[in-house]
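Here the structure is laid out as structure tokens; the discussion comes afterwards.
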Amino acid sequence: MFQRILPKGATSGWTLHLHRGRIAPGVDGTPLQGPGPWSSEALPLGYWRDEPVALVFDDDNPQAAEDWPDGRAWLANMPHAYFPLLSTALQVASWWQNHRFCGRCGSRARHVAWEFAMHCDACGHRNYPRISPCIITLVTHGDAMLLGRSPRFPVGRYSTLAGFIEPGESAEEAVRREVFEEVGVSVGRTSYFRSQAWPFPHSLMLGYFAEAASRDIRIDDREIADAAWFLPENLPELPPTFSISRQLIDTHLKSVSARGQ
């Protein structure tokens, strides 16, 4: 559905209208508006169903934008085919709004038309959209899953453990460090699951399964408000289905169910 090929020279097509992470409703309950002519400020993203699509920043009427759904709401309610489009739009929007000036010398940066890049004519520095790699891990011990609660979660929701990869660290090392730091659990074997772009604001989540050496928990009381072991027949509220966290959980539940048949 979405192709990450910049439509060079395009002046019309679909648009997504954003204001500080909120996206305006468009055609037929989707976030897309048009197709039609673009304004001069439109930022091309790629192609949607073979039609050019661009990003438009609606900063003139912030009060109207307060009623627009945010990125999480759109992702939770749209078909999965929209995920690459919305993820790209949200991450590019964050980069564009935060890198209008050179991070090296402070001069005004210029958008490079043929790629996602901002170039400083004063010192020659060029920056690209920032991608921050993170690990996200479902820790298991037999059928049981270790899930944690962030203080930011809705009441009753538990999820898998996650954290940023530090400089000089491999993803597997980050899995072991983050799990031990957050819940005090040492893990043995780890296995890679899959990755997912996570535009809040610019992460790339690397999903892993990890086997715990024991069920003893010691939470850090900073990033984790609570953590517990859950069996498939006694689950808390889980993260939304579009998230890689939920995909890790559902994959484990399916494997437990298959073993029991």
Side-chain angles (χ1 to χ4, degrees), residues 1-62 64-100 109-119 127-133 194-207 239-247:
M1 287 291 196
F2 177 63
Q3 296 175 286
R4 291 184 182 84
I5 302 173
L6 287 178
K8 299 175 183 178
T11 57
S12 65
W14 297 105
T15 54
L16 290 122
H17 292 246
L18 274 77
H19 179 78
R20 295 186 178 179
R22 296 185 176 274
I23 305 176
V27 178
D28 298 329
T30 76
L32 289 161
Q33 299 193 32
W38 291 344
S39 66
S40 58
E41 294 82 17
L43 182 63
L45 291 176
Y47 289 88
W48 175 256
R49 294 179 178 173
D50 298 324
E51 185 81 26
V53 59
L55 193 59
V56 175
F57 296 100
D58 279 340
D59 296 327
D60 296 334
N61 191 2
E66 291 179 1
D67 295 329
W68 297 354
D70 63 13
R72 292 178 189 270
W74 280 111
L75 289 172
N77 292 289
M78 295 302 297
H80 183 73
Y82 282 84
F83 191 99
L85 171 64
L86 292 170
S87 177
T88 301
L90 290 166
Q91 292 200 28
V92 168
S94 175
W95 161 73
W96 175 266
Q97 293 177 318
N98 292 332
H99 291 83
R100 288 173 290 181
R110 171 176 54 84
H111 177 232
V112 179
W114 58 87
E115 60 181 342
F116 292 134
M118 297 291 283
H119 184 80
N127 75 70
Y128 300 88
R130 174 182 172 184
I131 304 297
S132 301
R194 65 172 66 127
S195 63
Q196 183 183 53
W198 193 248
F200 303 108
H202 43 61
S203 299
L204 174 65
M205 308 299 287
L206 306 177
T241 56
F242 68 85
S243 67
I244 190 171
S245 176
R246 181 61 175 271
Q247 294 163 20

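In this structure, G29 and W74 approach most closely via the heavy-atom pair O-CZ3, 3.4 Å. Smallest separation of non-hydrogen atoms from A89 and L45: CB-CD1, 3.8 Å. Residues A93 and L18 approach most closely at CB-CD2, 3.7 Å, considering heavy atoms. Here the closest non-hydrogen pair linking M1 and A81 is CG-CB, 3.7 Å. Shortest non-hydrogen contact noted between L206 and S195 is CD2-CB, 3.8 Å.
At a cut-off of 3.5 Å, with distance as the only test, no side-chain donor of H202 or S94 sits close to an acceptor on the other residue.
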In a table with atom names and distances, give each donor-acceptor pair under 3.5 Å that connects a side chain of residues 2-14 to protein atoms at least two apart or in another chain.
from	atom 1	to	atom 2	distance (Å)
R4	NE	T88	OG1	3.2
R4	NH2	T88	OG1	3.3

Distance-only criterion, 3.5 Å: show the donor-acceptor pairs between side-chain atoms of residues 50-58 and protein atoms not counting sequence neighbours.
from	atom 1	to	atom 2	distance (Å)
D58	OD1	H17	ND1	3.4
D58	OD2	H17	ND1	2.8

Side chains of residues 110-117: which donor-acceptor pairs under 3.5 Å do they make with residues two or more places apart or in other chains?
from	atom 1	to	atom 2	distance (Å)
R110	NE	D121	OD1	3.4
R110	NE	D121	OD2	3.1
R110	NH2	D121	OD1	2.9
E115	OE2	R126	NH1	3.1

Worked verdict on L204 versus S132 for side chain to side chain contact (heavy atoms under 4.5 Å, CB included): CA-CA 6 Å; L204 174 65; S132 301; over 6 Å; no
Trace of the side chain to side chain contact (heavy atoms under 4.5 Å, CB included) decision for F200 with R72: CA-CA 9 Å; F200 303 108; R72 292 178 189 270; 3.3 Å; yes
Verdict with supporting geometry, V27 and L32, side chain to side chain contact (heavy atoms under 4.5 Å, CB included): CA-CA 6 Å; V27 178; L32 289 161; 5.6 Å; no
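With rounding to the nearest 0.5 Å, the separation of CZ in R100 from CE in M118 is 8.5 Å. Rounded to the nearest 0.5 Å, atoms CG (L75) and OG (S87) are 7.5 Å apart. For the atom pair CD1 of I23 and CG of D70, the computed distance is 8.5 Å after rounding to the nearest 0.5 Å. Summarising the geometry, atom CG belonging to L16 is positioned 8.0 Å from atom OG1 belonging to T30; distances are rounded to the nearest 0.5 Å. Put simply, OG on S243 and CD on Q196 are 6.5 Å apart, with the number rounded to the nearest 0.5 Å. Taking CG from L85 and CE from M78, the interatomic distance works out to 9.0 Å, rounded to the nearest 0.5 Å.
With a 4.5 Å cut-off on side-chain heavy atoms, Q91 and P129 do not count as touching. Two residues are said to be in side-chain contact when any heavy atoms from C-beta on lie closer than 4.5 Å; L86 and P31 meet this criterion.
Ring pair F83/H80 is parallel by interplanar angle, where below 30° counts as parallel and above 60° as perpendicular.
Screening residues 18-28 for side chain to side chain donor-acceptor pair (under 3.5 Å), with sequence neighbours left out, gives H19-D59.
R194 is linked by a side-chain hydrogen bond (donor to acceptor under 3.5 Å, both in side chains) to Q247, counting only residues two or more places apart in sequence or in another chain. By the side-chain hydrogen bond (donor to acceptor under 3.5 Å, both in side chains) test, R246 pairs with D250, sequence neighbours left out.
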